[in-house]
Student: 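For reference, the structure I am asking about is given below.
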Amino acid sequence: MKKVFAFILTIFAFFNSYTQNASIPEHADFWSEYPNEALADFLVSRLSDEELLAQIFMFGWAGEEPSALLNQWVSDRGLGSVKVFGWNTNNTELVAKSIASLQERSQQRRYKIPLFVATDQEGGWIRHVKGDTSETPGNMAIGASQYPVDAYYSAYYISREIKALGINMNFAPTIDLYTNHDSSVISSRSFGEDPEFVGQLGSAFVAGSMAAGVIPTAKHFPGHGDTSADSHVKLPGVYIDYDAAEKRELVPFKYLISQNVPAIMSGHLLYPRIDADPASLSRTWLNDILREKLHFSGLIITDDMMMQGAWGYAGNSSKAFEMAILAGNDIILSSRTAELDERLWTLNLANIKENPDFRKIVESAARRVILTKLTYFKNGNAAPLYPEIARLKDQIPDKEGQKFFLSQACRAITLYKKGDFPYKRAGTDRLLVVGPADTFPNENNLSYHVESEFFEEAKKRYGEFAYYKINFDGLGPVGIDWNGNQLEAMANNYDTIIFYVPNTEGAQIAKRLSRSGKRVIIMSALTPVPVLSGFDFADTILFGYSYSPYTFKALFSALAGDFEPQGKLPLNVK
């Protein structure tokens with residue numbers, strides 16, 4: 001009886017949709033006033049094969065302004081989405097102008113379907129839109145504060161800034177667990193290690209993003225945290241079975257699905273005990289598990305298909321795109337704009353024309369994309385298609401956000417080891433401050449200028465001091481040994497040494513001071529893991545979890561005794 005009733009409902013829904021669709025005139029477009037479901041059906045039924053396929057592609061571009069090739073994809077083929085990467089965002093105003101020009105091209109097409117414009121603005125370490133945007137304390141700092149409200153407002157203010165630029169989708173929050181402490185790709189991007197805790201903070205982040213008017217995207221499904229490998233350069237393996245994944249990695253995703261997160265990013269991650277294909281290319285993961293078992297109905301978006309974990313596994317980019325579509329992804333992301341006649345296009349266009357099942361998959365994905373766009377762009381709180389350039393200086397950085405991020409950074413500071421704390425410098429105390437050189441590279445090998453903020457904050461608190469600068473990236477054994485020897489020799493001339501540790505290399509150099517007999521104060525940036533062992537000699541250890549200027553200010557404020565740090569290490573350590 002239940003099956004009969006369900007069948008009747010399906011037939012009713014079909015005829016209802018058919019009736020509404022039939023009543024929409026031929027001249028209607030995306031902005032016409034009809035029910036979203038019916039209008040989505042209408043648009044999908046009218047799109048050409050080329051337009052259907054283009055609607056599920058998302059391309060990035062090299063250079064500060066969109067290339068002629070990307071403009072062609074939007075104008076001539078109706079590309080559905082674009083991605084703003086970190087290599088073209090130092091000029092905030094130019095980012096906004098570029099987005100406006102691309103949206104204008106989308107509105108010149110017959111159905112006026114706007115673009116999804118996405119970026120990675122997670123907070124903390126991952127900040128693709130640079131320029132004047134806020135450098136925030138990041139996810140692990142939120143995990144250390146223990147307050148879901150910090151996750152909410154972090155997302156809210158980050159989203160307000162990128163929304164002002166016309167960006168309507170953010171590939172955040174990262175809800176990977178920091179299970180493998182050797183991970184360099186997840187690290188402080190994670191809220192922490194406890195699945196329930198990460199789910200709660202991720203849910204708050206999603207709510208804050210949506211309140212500000214930007215579509216959040218939870219990543220990296222089914223979980224990137226239990227591997228030290230980086231899917232940019234190889235296919236990582238996670239060697240657990242489904243029962244273990246369900247109790248651990250999938251828990252945060254379940255939280256966010258229950259909160260109706262609108263999008264989830266599929267990761268180039270191999271769980272060989274569950275399926276033979278990477279999750280991003282696996283129908284088992286995306287359809288059987290994510291859709292059927294976890295009941296996710298939103299958009300599924302691939303991680304960048306130019307990553308080795310995707311095309312390297314498939315053998316080439318065209319095969320990887322085909323596998324990603326068949327697996328059930330709704331949007332296929334590529335950091336590189338494809339050539340117009342590239343095989344990833346011609347192969348899949350031929351598949352649409354020749355394979356009815358493939359066509360159904362593409363039509364379903366295109367409909368989900370268009371329906372999500374209709375729901376978002378007509379909700380009254382969407383990012384503008386054409387940003388107000390004249391107002392950007394007032395909106396970015398967000399004035400309210402600046403106050404919040406400083407308070408968040410203070411709540412995150414963790415006093416891991418309390419010696420002679422706080423540090424009050426006596427008049428005769430000879431102080432050496434060891435910190436970063438002029439730049440510190442991020443995940444795209446672009447440089448953050450953090451040197452001035454770190455030493456500036458030290459100077460505000462402790463006046464004049466001697467300093468030693470290190471470029472901590474790519475030191476290798478020779479660089480570690482050379483800097484260690486230098487500091488061992490210098491230590492004899494000082495009473496107190498404040499040492500900034502951003503990574504494992506920095507920790508190895510700092511350990512060379514264990515025989516100095518001096519007061520050593522460790523300030524840990526990014527992941528705290530490198531200083532969780534071997535630092536018994538240190539007098540004081542403070543965790544900040546980022547190299548945001550707000551974090552530097554909070555670290556030195558805590559060290560000087562302005563407040564008692566209340567942050568908790570969000571990792572399980574023995």
Student: Between Asn168 and Leu115, is there a donor-acceptor pair closer than 3.5 Å when you use the side chain of the first and the backbone of the second?
Tutor: yes

Student: Minimum heavy-atom separation for Phe30 and Lys112, please, with both atom names.
Tutor: CB-O, 3.4 Å

Student: Determine, stepwise, if the pair Tyr178 / Thr527 fulfils side-chain hydrogen bond (donor to acceptor under 3.5 Å, both in side chains).
Tutor: CA-CA 10 Å; Tyr178 198 174; Thr527 173; 2.7 Å; yes

Student: Taking the six-membered ring of Tyr500, is the NZ or CZ of Lys469 close enough (under 6.0 Å from the centre) and on axis enough (within 45°)?
Tutor: no

Student: Dump the intermediate steps for salt bridge (Lys or Arg N to Asp or Glu O under 4.0 Å) on Glu122 and Lys219, then the final yes or no.
Tutor: CA-CA 11 Å; Glu122 298 175 15; Lys219 63 186 185 185; 2.7 Å; yes

Student: Salt bridge (Lys or Arg N to Asp or Glu O under 4.0 Å) between Lys553 and Glu456: does it pass, once the steps are laid out?
Tutor: CA-CA 9 Å; Lys553 185 182 290 290; Glu456 211 172 87; over 6 Å; no

Student: Among Ser334, Ser280, Ser335, which residue satisfies the side-chain hydrogen bond (donor to acceptor under 3.5 Å, both in side chains) criterion with Asp304?
Tutor: Ser335

Student: For Met306 and Ser317, work out which heavy atoms get closest and say how close.
Tutor: CE-CB, 3.9 Å

Student: Do Ser318 and Asn316 have side-chain atoms, one donor and one acceptor, less than 3.5 Å apart?
Tutor: yes

Student: Is it the case that the ring center of Trp87 lies less than 6.0 angstrom away from the ring center of Trp61?
Tutor: no

Student: Quick check, are the ring centers of Phe404 and Tyr156 under 6.0 angstrom apart?
Tutor: no

Student: Tell me, do Leu256 and Ser203 make a side-chain contact under 4.5 Å, heavy atoms counted?
Tutor: yes

Student: Do you know which two heavy atoms are closest between Val529 and His181, and how far apart they sit?
Tutor: CG1-O, 3.7 Å

Student: Given the ring of Trp345, does Arg77 sit roughly above its face, with NZ or CZ under 6.0 Å from the centre of the six-membered ring and within 45° of the axis?
Tutor: yes

Student: Donor-acceptor pair, distance only, cut-off 3.5 Å: does the side chain of Glu161 make one with the backbone of Ser134?
Tutor: yes

Student: Tell me, with the steps shown, if Phe221 and Phe253 meet ring pair (Phe, Tyr, Trp, His ring centres under 6.0 Å).
Tutor: CA-CA 8 Å; Phe221 181 83; Phe253 289 99; 5.2 Å; yes

Student: Could you tell me whether Lys83 sits above the aromatic face of Phe59, with NZ or CZ closer than 6.0 angstrom to the six-membered ring centre and within 45 degrees of the axis?
Tutor: no

Student: Under 3.5 Å, is there a donor-acceptor pair between the side chain of Lys130 and the main chain of Arg127?
Tutor: yes

Student: Decide whether Asp303 and His268 meet the rule of one side-chain donor and one side-chain acceptor closer than 3.5 Å.
Tutor: no

Student: Do Asn329 and Ser266 get their side chains close enough for a donor-acceptor pair, meaning under 3.5 Å?
Tutor: yes

Student: Tell me, please, which residues at least two apart from Lys97 pass salt bridge (charged side-chain N to carboxylate O under 4.0 Å, His left out).
Tutor: Glu93

Student: Could you check Phe454 against Tyr547 for ring pair (Phe, Tyr, Trp, His ring centres under 6.0 Å), going step by step and ending with a plain yes or no?
Tutor: CA-CA 9 Å; Phe454 180 79; Tyr547 42 69; over 10 Å; no

Student: Under 3.5 Å, is there a donor-acceptor pair between the side chain of Asn170 and the main chain of Gln121?
Tutor: yes

Student: Measuring only between side-chain heavy atoms, which start at C-beta, is Val82 closer than 4.5 Å to Thr337?
Tutor: no

Student: Applying side chain to side chain contact (heavy atoms under 4.5 Å, CB included), can you list everything that pairs with Asn379, at least two apart in sequence or on another chain?
Tutor: Tyr376, Asn381, Ala382

Student: Could you check whether any side-chain heavy atom of Glu104 comes within less than 4.5 Å of a side-chain heavy atom of Tyr386, counting everything from C-beta outward?
Tutor: yes

Student: Counting distance only, does the side-chain N/O of Thr92 pair as donor-acceptor with the main-chain N or O of Asp132 below 3.5 Å?
Tutor: yes

